[in-house]
Protein chains: 2
Amino acid sequence: MSTSNAGGPLTPERILEAADETLRRFGPAKTTVVDVARALGVSHGSVYRHFPTKADLRDAVVDRWLQRMHPSLAAVADGEGAAAERVRLVLWTLAETKWTQAREDPEFFTAFAELAEDARTPVVAHVDFVVVQLTKVIAEGVARGEIASADPKTTALAVFDATAKFHNPAARSEWVRPAIDEAFANVWRLLRDGLLPRGVRGVGESG
Amino acid sequence: MSTSNAGGPLTPERILEAADETLRRFGPAKTTVVDVARALGVSHGSVYRHFPTKADLRDAVVDRWLQRMHPSLAAVADGEGAAAERVRLVLWTLAETKWTQAREDPEFFTAFAELAEDARTPVVAHVDFVVVQLTKVIAEGVARGEIASADPKTTALAVFDATAKFHNPAARSEWVRPAIDEAFANVWRLLRDGLLPRGVRGVGESG
DNA sequence: CAGCTGACAGATTTCAAGTTTTGTCATTCG
DNA sequence: CGAATGACAAAACTTGAAATCTGTCAGCTG
């Protein structure tokens, strides 16, 4: 290739950018390391200088995708308002973001979900991040007397698990149902009533 | 084959029995209609006389497998004791049964899960059955003042959805974690507190 | 001499030809 | 006469030889 070195020195970041684009264009099944190298105008040997294996490169791309969601989740977690409502918003944002992606670009989302299935490490990191956000909010809620919980971290994991159907890509086939947001609302009502201290009723919603 | 007609007339039930065995023996990928017919000592044309397509035959086998779980679920739902505890037992039985199958015969359970993925109709029927059991118990609990719910059916679906991670075969990869029953207990505590009427505390458990 | 290349071995994937399977139905069997 | 057969066409799978890809590394290049 004659495009050698166009765009500055070869960095992990540039490789990730190219890998991301290539994966989106060709899909995970058709993307080769040679494709990524070609997009950068380098030989595939150079890519291996920065990522030990193709699997590591793919994991790093998945990591990027997952981390792109983190700022808005953290913003919601650190926002104003009642603790329970912020817990709901974190879970809702997590789910809604994925539903939208899955609806707007189903092909890409399927590709992403397949990729993520193998990418244990970044997924664990993502789950950890979300659970940390939930734990923060719940701990604050407990301190303020807005939430009943003996152990915020355990409770955070429980609400995360209880809403798995709405944010775990493995369940994405059920997201096409238009009533999926109603299902979320109904699960949430139950969880909210479980979170609120005894004697406090949920506000702004009937039932 | 010379074994013609051994075992009485060819009925859907006998075909299902043979299909079940053959699927267990060879797995879903390797089982052909000819295999099933051979096990019965008939031609494959005879099988098509009772099931219009191979997919219908497979669905019927999945249906059998799922329905085998129903008596114990109904027994638990119709049992004695507090409504909330019976809701827990239905969900627990549903989950535990599947965990055990998945652990004791992982190959078969994977095969079953793959089969079930395509078998929309029997799975919907199974989910409906479980939700009906839960609805019964919750409605009774509401009548007795043990459970707070504006609409038992909606609440039943919500507790079913909230425990999807524990009974949906799509999530089976997470069932190997030994702490999975702890995760169930933590989700349940939250749901139970959401089900109980305000002013009532869960009994027999701290936190 | 740091960063990159490209030839290479072994692993994996593709593709086209050959085989098996599904589903139908005219015919046979009891 | 109803139930079962098996020959058949089309679709779906298997197979294995050829092509491509991954990961390494000795050497090149700026």
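Treat the numbers as computed from the prediction; the structure is a model and nothing was measured. Below, read A as the first sequence line, B as the second, and so on, with proteins coming before strands; counting in each chain starts at 1.
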Fill in: Carboxylate-amine/guanidinium proximity below 4.0 Å for B:E140 and B:R86
yes
Worksheet entry | Salt-bridge contact B:E174-B:R177 (side-chain N to carboxylate O under 4.0 Å) | yes
Practice prompt. Please examine the side chains of B:R38 and B:D35, heavy atoms only from C-beta on, and report whether any two atoms are closer than 4.5 Å.
Written response: yes
Discussion item. If you define the side chain from C-beta out and look only at heavy atoms, does anything of B:M69 sit under 4.5 Å from B:K98?
Written reply: yes
Worksheet item: Taking the six-membered ring for Trp, is the centroid-to-centroid distance between B:W99 and B:F109 below 6.0 Å?
Response: no
Nearest whole angstrom, please: distance from the [atom2] of [N] to the [atom1] of [X].
X: A:L57; N: D:dG23; atom1: CG; atom2: P; answer: 10 Å
X: A:F26; N: C:dT13; atom1: CZ; atom2: C1'; answer: 17 Å
X: A:D56; N: D:dT22; atom1: CG; atom2: C1'; answer: 13 Å
X: A:R58; N: D:dC21; atom1: CZ; atom2: P; answer: 15 Å
X: B:F51; N: D:dA4; atom1: CZ; atom2: P; answer: 13 Å
X: A:L10; N: C:dA2; atom1: CG; atom2: P; answer: 17 Å

Discussion item. Taking only side-chain N and O atoms of B:S46, does any of them lie within less than 4.0 angstrom of OP1 or OP2 on D:dA4?
Written reply: no
Worksheet item: Are A:Q101 and A:D105 close enough, and set up right, to give a side-chain hydrogen bond (donor to acceptor under 3.5 Å, both in side chains), and what steps lead you there?
Response: CA-CA 6 Å; A:Q101 285 175 0; A:D105 195 345; over 6 Å; no
Discussion item. With each end axis built from five pairs of C1' atoms, what bend angle do you get for the helix from C:dC1-D:dG30 to C:dG30-D:dC1? Round to 10°.
Written reply: 20°
Discussion item. Pair B:D193, B:R189 - check salt bridge (Lys or Arg N to Asp or Glu O under 4.0 Å), show working.
Written reply: CA-CA 6 Å; B:D193 287 352; B:R189 201 174 324 169; over 6 Å; no
Fill in: Nearest-0.5 Å distance that lies between atom CG in B:L73 and atom CD in B:Q133
7.0 Å
Anything under 3.5 Å between a protein N or O and an N or O of nucleotides 20-29 of chain C, put it in a table, one pair a line.
| residue | atom | partner | partner atom | Å |
| --- | --- | --- | --- | --- |
| C:dT22 | OP1 | B:V33 | N | 3.3 |
| C:dT22 | OP1 | B:K54 | NZ | 2.9 |
| C:dT22 | OP2 | B:V33 | N | 3.0 |
| C:dG23 | OP2 | B:Y48 | OH | 2.9 |
| C:dG23 | OP2 | B:K54 | N | 2.7 |
| C:dG23 | N7 | B:H44 | NE2 | 3.3 |
| C:dG23 | O6 | B:H44 | NE2 | 3.0 |

